[in-house]
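Let me begin by presenting the structure, written as structure tokens, before commenting on it.
Fair warning: this is a prediction, and the values are worked out from it, not measured in the lab. Every heavy atom of this structure was used, including side-chain atoms; hydrogens, water molecules and symmetry mates were not. Letters A, B, ... mirror the listed sequences (proteins, then strands); counts begin at 1.
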There are 2 protein chains.
Amino acid sequence: MITLTEENYIKAIYYLSSNGEKTVNTNAIASAMQTKASSVTDMIKKLSEKNYADYKKYQGVTLTDDGKRVAVNIIRKHRLWEVFLVEKLNFSWDEVHEVAEHLEHIKSDKLIDELDAFLEFPTYDPHGDPIPDKEGNFKHIEKIVLAKAEVGSTYKCVGVDDTSSNFLKYLDSNHIALGTIITVKHKEPFDNSIKIALENSEIVVSQSVAKNLYLKKI
Amino acid sequence: MITLTEENYIKAIYYLSSNGEKTVNTNAIASAMQTKASSVTDMIKKLSEKNYADYKKYQGVTLTDDGKRVAVNIIRKHRLWEVFLVEKLNFSWDEVHEVAEHLEHIKSDKLIDELDAFLEFPTYDPHGDPIPDKEGNFKHIEKIVLAKAEVGSTYKCVGVDDTSSNFLKYLDSNHIALGTIITVKHKEPFDNSIKIALENSEIVVSQSVAKNLYLKKI
DNA sequence: AAATATTTTTAGACTAATCTAAAAATATAT
DNA sequence: ATATATTTTTAGATTAGTCTAAAAATATTT
């Protein structure tokens, strides 16, 4: 049996290692889990004993195939619940995360398979992140970040990096959502801000916004 | 903050005291929770400190108004999730309980209010048990148990007492569901078995079945 | 009403997950 | 390459929930 806490550690390690690095270090996990390094050491020992992680003292940790399977399954559940909350229960995209954090730990294969079917097998969650299928395969989408988009080209908004409530509310108030068509008008070299055209407006967004918005060329 | 375990104890005490008795004794809780009496003593002390229960040593325990409010809210969530599982996710009535036991502990007012609306404010769960509204009010239905029904009268099946998988599967295989019309044909004094007529069949049910099936005269 | 049985509580121990503080290992700087 | 800083681990304690075994209270029997 795997505990809720173990699942959350595995998920954290998965996300930390998917950002490039091969092994994940203790302090990074501690800060992601909002806990102390000593607690992390205890937990990664346990995950290692249970064969969810490979770990050598002072050398950081990686997930085993078993550990990755657990992580992807939790991500699948999290994102399916997010789709449910937005499409069926009128949640906005900045409200879903917290509740999905709890729902993702409910253990029932039938529940998640039926939910998947009920939602008609969605492949992306409300933030544009891909939903892995039952076998754990992600649908890859070629996307670039607004900060690296070409002036003069037109794109479709396909996702966000930062899913914090503040950022999502900012996008809402500027009428940017998944699917929104965006044309890049101008890049300001001084502060890397970018002027973009939407359907009925032109706005200037800061570099921090531009780094967190994913686009696909159309 | 109330823990998952505390919620489960409160629910158990609520059910035990709703079957007539005023105070609930330690052993009854222990057997309902599948734990030991000593663990129960510890927990009811804690519930008492947190003002969810009134407790005097050796005298059993009762829920406070706060405790009852917690219990009814969990029951509301449990039954709404059961409706969701049966109506939207193709669960059968004998499969819902276990998953609902977990879903009932998810804490989000918006989630449960929206779920209620999505299901169009159901008043009964898949076993015929009433779903309390937001204020905790149950819709009362006048029902009798098949064992006490009159020979010759016709009834509608409105609920079950025992919700175990075995009993519900028995009912399924005999084509008895909520809403099924039943006419009582004969009571056998020797073993208290009862012959009933359904739409297309006549069957004899044992006393244990007759004690667990709720009917409403029509 | 005394003896016996049952129920409930207490005392002390265990596990999972956490913490602080100190020690050990590794990394960085001069 | 030695000293310093940082990271990681260990040691020992804490809390929630559980357990066993023994003690205390209550209930039942004769």
Practice item. Counting heavy atoms from C-beta on, name the nucleotide in dT9(D), dT8(C), dT9(C) closest to the side chain of I44(B). Key: dT9(C)
Review point. Mapping Q34(A) and N27(B) to their closest nucleotides on DNA chain C, which lands nearer the 5' end?
Key: N27(B)
Practice item. Could you state the atom-to-atom distance from CG of L4(B) to P of dA16(C) in whole Å? Key: 18 Å
Practice item. Kindly say if K45(A) contacts the phosphate of dT9(D), meaning a side-chain N or O under 4.0 Å from OP1 or OP2. Key: no
Exercise for review: Could you state the atom-to-atom distance from CE of M33(B) to P of dT18(D) in whole Å?
Suggested key: 6 Å
Point to revise | T64(B) (side chain) donor-acceptor with N51(B) (main chain) under 3.5 angstrom | key: yes
Point to revise | Pairing residues for K36(B) by the side chain to side chain donor-acceptor pair (under 3.5 Å) criterion, not counting sequence neighbours | key: none
Practice item. Pick base, sugar-phosphate or nothing for T5(B), based on heavy-atom distances below 4.0 Å to the nucleic acid. Key: sugar-phosphate
Review point. Under the 3.5 Å rule, do the base of dT20(D) and the side chain of S38(B) count as making a donor-acceptor pair?
Key: yes
Exercise for review: Using whole Å, report how far CE of M43(B) lies from P of dT10(C).
Suggested key: 16 Å
Point to revise | Side-chain donor or acceptor of K148(B) paired with backbone N/O of L146(B) under 3.5 Å | key: no
Study note, to complete from the structure: Between the CD1 atom in I2(B) and the OH atom in Y9(B), the distance rounded to the nearest 0.5 Å is 13.5 Å
Practice item. May I ask you to say what D42(B) touches in the nucleic acid, namely base, sugar-phosphate or nothing, with a heavy-atom cut-off under 4.0 Å? Key: base
Review point. If only side-chain N and O atoms of T41(B) are considered, is one of them under 4.0 Å from the OP1 or OP2 phosphate oxygen of dT9(C)?
Key: yes
**Study point:** dA16(C) OP1/OP2 closer than 4.0 Å to side-chain N/O of T3(A)
**Key:** no
Exercise for review: Ignoring hydrogens and angles, tell me if any N or O in the side chain of R76(A) forms a donor-acceptor pair with the backbone of G136(A) under 3.5 Å.
Suggested key: no
Point to revise | Whole-Å distance separating the CG atom of L47(B) from the P atom of dA16(D) | key: 13 Å
Check your understanding: Counting side-chain heavy atoms from CB outward, which of dT20(C), dT8(D), dA16(D) is closest to K36(A)?
Key -> dT20(C)
Would you list the protein and nucleotides 23-27 of chain D atom pairs, both N or O, that sit under 3.5 Å from each other?
| unit_1 | atom_1 | unit_2 | atom_2 | d |
| --- | --- | --- | --- | --- |
| dA25(D) | O4' | Y58(B) | OH | 3.4 |

Could you list the donor-acceptor pairs under 3.5 angstrom formed by side chains in residues 84-92 of chain B, with sequence neighbours left out?
| unit_1 | atom_1 | unit_2 | atom_2 | d |
| --- | --- | --- | --- | --- |
| N90(B) | ND2 | E114(A) | OE1 | 3.0 |
| S92(B) | OG | D94(B) | OD1 | 2.8 |
| S92(B) | OG | E95(B) | OE1 | 3.1 |

Check your understanding: Are the side chains of I141(A) and V158(A) in touch, meaning some heavy atoms are under 4.5 Å apart?
Key -> yes
